[in-house]
Participant: 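Quick one: this structure, given as structure tokens, is what I'll be asking you about.
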Amino acid sequence: MDLRLSEDQKMIREAARDFLEGECPSSFVRDLEGSSTGHDPHLWQAMAELGLMGVSFPEEYGGLGKGFLELCVLIEEMGRFRLTGPFFTTVALCGMAIIRFGTQEQKSQYLGPIAGGERIMAYAALEPGRSWDTSSCALRAEEDDGAWILNGVKIFVPYAEAADDLLVLARTGEGSENGLTLFIVDTSDPGVSLKRLQTLGPEHQYEVLFEDVSVQGNRILGAPGRGLEASNMVSQWGAAAKCAQMVGGAQRVLEMSVEYAKERVQFGKPIGTFQAVQHNCANMAVDLDSSRFISYEAIWRLEEGLEAATEVSAAKAWVSDACSRVCRLGHGVHGAIGFTMEHDMQLYSRHCKEAELAFGDADWHREQVARRIGL
Amino acid sequence: MKIFVCIKQVPDTEAKIAPDGAGIDELAVEKWILNPYDEFAVEEAVRLKEASGDIEVVAVSLGPERVKGVFQTALAMGADRGIHIVTNDPLDPAQVAEALAAAVTDDGLPQLIFTGTVAIDDCANQVHLRLAHNLGASAAINVSSFSWTDEGAEVFSEAGNGSRNRLLLKAPAVVAVTRGINKPRYPTLPNIMKAKKKEVRRIELDALETGSGSPAVEITAIEAPEEFTGGTILEGESADTVPELVDRLHNEVRIV
């Protein structure tokens with residue numbers, strides 16, 4: 001059983017790492033977080049020119065023709081360099097949804113521009129007071145003379161202000177089986193209003209209000225009533241890719257912690273010689289290793305088109321807890337300096353916390369695993 | 001028109017180098033990279049090709065099997081093909097220049113050869129000029145600006161202290177470029193994939209008609225720099241130590 005990355009996957013990782021090392025220092029990431037939209041058009045264009053947006057897109061739409069696994073290798077590197085921005089929601093969520101569920105016309109209309117860095121999209125599914133199970137969606141879309149009128153609210157929509165379009169989950173009928181539909185809504189459409197949410201994490205999240213927003217029928221992703229299937233897939237892709245992102249961040253936290261433990265001298269010795277510190281770093285390594293393998297098993301199954309719901313939930317539950325432990329121990333190894341905003345540890349631990357809560361937290365996913373194993 | 005670019009594989013600048021007698025512990029080097037100055041050279045060659053159209057860019061290097069890694073970078077940046085002179089022998093700069101000259105001549109002497117002005121591992125700073133001598137070519141080093149004209153290579157060569165010389169090199173010319181001449185592109189993912197299909201011709205060093213024998217220059221030892229033990233720590237409350245620091249900086253070090 002060969003668990004190594006393929007040569008192509010290694011090349012993608014190396015190319016991404018070289019680029020992000022040069023273009024995304026800590027100072028840039030901090031500025032990005034503090035900016036008005038959380039989006040840097042110059043970096044976005046550079047990423048597009050490099051071909052990062054189109055890694056998992058078919059070649060006919062300007063992509064590299066690789067798959068979800070290669071996309072996650074890329075996202076892992078972004079986690080390593082704690083890069084935020086609309087890449088995840090545009091490519092891993094909306095782009096993947098259009099590839100799988102979009103009409104030919106929609107693929108032609110959206111994938112090429114996304115790959116070329118000309119279009120940003122954000123996924124809007126969560127609603128206030130409702131669970132991560134998107135089948136409980138309440139935002140309504142009523143058909144009116146060939147168009148659909150959307151009314152409702154979505155929260156935790158990432159980078160909505162920077163987005164050109166939103167992929168919105170709406171209720172078009174009763175029940176969840178055939179009662180949900182995904183719509184592509186232009187953010188400049190009348191009736192769409194945004195409010196920035198103040199969150200712990202570095203990503204820019206928004207509440208989006210839809211008041212009599214009119215959407216033409218050709219902007220239904222795929223077909224009416226297929227929203228449940230599509231949103232479930234998006235949730236799985238999102239959860240699995242978030243695991244890859246957390247693994248990338250945890251890898252860097254372990255490296256920083258080991259480097260610090262070798263250099264920091266207390267009581268006349270490097271703190272890395274103390275057994276407690278060694279054990280903590282060892283536990284971080286074990287958590288990281290296990291997180292990587294459980295994540296990539298889920299990612300591989302999704303890539304191969306296999307049933308993956310149990311594996312995705314198992315990964316998300318484990319990785320959410322494990323990477324939080326890694327960050328907590330990383331703060332401990334760094335001591336006081338690790339609790340300052342000047343140090344990069346807080347970038348990683350806030351990023352990790354945000355990812356931990358995205359697409360279902362650890363407890364929610366444990367419930368999914370329990371249900372699937374018959375409890 | 002054909003342009004050669006001489007490239008060298010070196011340890012990553014972030015790598016921790018462990019001196020190992022007369023060399024370094026190569027097994028401990030986690031990452032090998034294209035010599036950064038050679039990256040400028042590849043970029044300059046590719047830019048000329050993109051501006052002029054009918055140009056073939058050939059990357060050439062020598063060394064053991066692991067050297068093929070730098071060809072991936074050069075080809076992904078836009079070089080058209082490569083020539084790998086395979087050898088596990090340690091060579092001195094004269095021998096390297098001789099081998100490069102033989103390979104270049106064998107492939108068809110070009111009008112222009114780019115190199116980096118220095119390799120960051122040994123900083124020998126000789127191969128470019130020796131190569132030019134072997135080929136009977138004109139040469140310039142520390143080139144910070146380049147353009148190709150009907151008369152040859154028009155370059156600015158940095159002479160130190162902020163001054164520079166403007167030179168016209170008649171073809172064939174060896175141009176050794178330095179930092180600042182350009183900003184090397186990141187290879188795009190599509191070009192990285194395409195680079196896998198580009199040819200890298202292997203030539204065993206023994207197959208080239210070069211002089212044999214031991215290196216005339218031999219590295220006898222590599223040592224890590226001595227640890228800095230100087231400096232003074234001012235202990236106490238800042239209300240006392242700050243005035244003392246200012247006093248020392250003003251009266252002893254004389255920088256404020």
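Heavy atoms only: backbone and side chains are in, while hydrogens, waters and symmetry mates are out. Source: prediction; values computed, not measured.
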Participant: Kindly assign one of parallel, tilted or perpendicular to the pair Trp148(B) and Phe146(B), based on the angle between their ring planes and the thresholds 30° and 60°.
Facilitator: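 It falls in the parallel class, under 30°.
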
Participant: If we define contacts as heavy-atom pairs under 4.5 Å, which of Asp18(A), Asp8(A), Val55(A) has the most with chain B?
Facilitator: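 Of Asp18(A), Asp8(A), Val55(A), Asp8(A) has the most heavy-atom pairs under 4.5 Å with chain B.
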
Participant: Of the backbone (N, CA, C, O) and the side chain (C-beta and beyond), which part of Glu7(A) lies under 4.5 Å from a heavy atom of chain B, both, or neither?
Facilitator: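 For Glu7(A), neither part sits under 4.5 Å from chain B.
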
Participant: At a heavy-atom separation under 4.5 Å, does Leu64(A) approach chain B through its side chain, its backbone, both, or neither?
Facilitator: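 Looking at Leu64(A), just its side chain touches chain B.
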
Participant: What orientation do Trp44(A) and His39(A) show, parallel under 30°, tilted 30 to 60°, or perpendicular over 60°?
Facilitator: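 The rings of Trp44(A) and His39(A) stand perpendicular, inter-plane angle above 60°.
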
Participant: Before we go on, tell me: are the rings of His84(B) and Phe71(B) under 6.0 Å apart, centre to centre?
Facilitator: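 Ring-ring flag for His84(B)/Phe71(B): true, centres closer than 6.0 Å.
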
Participant: Cation over ring, Lys242(A) on Phe88(A), under 6.0 Å and within 45°?
Facilitator: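 Positive - Lys242(A) is close enough to the ring of Phe88(A) and near enough to its axis.
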
Participant: Given heavy-atom pairs under 4.5 angstrom as the criterion, report whether the side chain, backbone, both or neither of Pro190(B) touches chain A.
Facilitator: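 Contact with chain A involves both backbone and side-chain atoms of Pro190(B).
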
